[in-house]
Amino acid sequence: MSAERVKVTIRCKRCGEKFVLRGRRDRGKIDTGFKMCLCSNTDEFDIEEERT
Ligand SMILES: [Zn+2]
């Protein structure tokens, strides 16, 4: 099975910044390459995915 392409909206829980990225879902894991927010937050996010 090949990876699904997904559009992902990531919202930072610390500063409220939103990022819209394209990623791939592979075996239940989403890979967007996103590392951290502008405020240095690396793990407190709300993540919403949308199939394209
Ligand atoms: Zn932030």
Side-chain angles (χ1 to χ4, degrees):
M1 235 172 87
S2 60
E4 264 181 84
R5 307 197 72 161
V6 292
K7 193 169 113 186
V8 184
T9 302
I10 297 174
R11 191 180 67 81
C12 178
K13 289 185 180 178
R14 286 194 197 165
C15 72
E17 189 71 36
K18 272 189 184 176
F19 303 89
V20 179
L21 302 160
R22 278 164 205 274
R24 284 175 306 142
R25 179 211 265 284
D26 193 8
R27 287 170 208 145
K29 205 183 136 197
I30 299 171
D31 177 20
T32 59
F34 185 81
K35 296 275 195 286
M36 70 171 174
C37 182
L38 303 172
C39 69
S40 300
N41 176 17
T42 56
D43 52 24
E44 292 175 57
F45 301 103
D46 277 329
I47 299 174
E48 270 180 43
E49 71 174 278
E50 199 181 296
R51 260 176 232 201
T52 51

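By convention here, the first residue in the shown sequence is residue 1. In listed order, ligands and their atoms are each counted from 1. These numbers were taken from a predicted model, which means no experiment stands behind them.
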request  = Only one of Glu50, Glu49, Arg22 passes side chain to side chain contact (heavy atoms under 4.5 Å, CB included) with Val6; say which it is.
outcome  = Glu49
task = Output, by chain and residue number, all protein N/O/S atoms separated from the Zn ion (ligand 1) by less than 2.8 Å.
result = Cys12 SG, Cys15 SG, Cys37 SG, Cys39 SG
inquiry  = Membership question, hydrophobic clusters at under 4.5 Å side-chain separation (ILVMFWY): are Ile47 and Val20 in the same one?
reply    = no
Using distance only, find each side-chain donor-acceptor pair of residues 28-38 under 3.5 Å and give its atom names and separation, not counting sequence neighbours.
residue, atom, partner, partner atom, Å
Asp31, OD1, Gly33, N, 3.4
Asp31, OD2, Arg24, NH2, 3.2
Thr32, OG1, Phe34, N, 3.1

query = How many angstroms lie between atom CZ of Phe45 and atom CZ of Arg14, to the nearest 0.5 angstrom?
reply = 8.0 Å
inquiry  = Heavy-atom count check: over 12 atoms from other residues, nucleotides or ligands less than 6.0 Å from Glu48 CD?
reply    = no
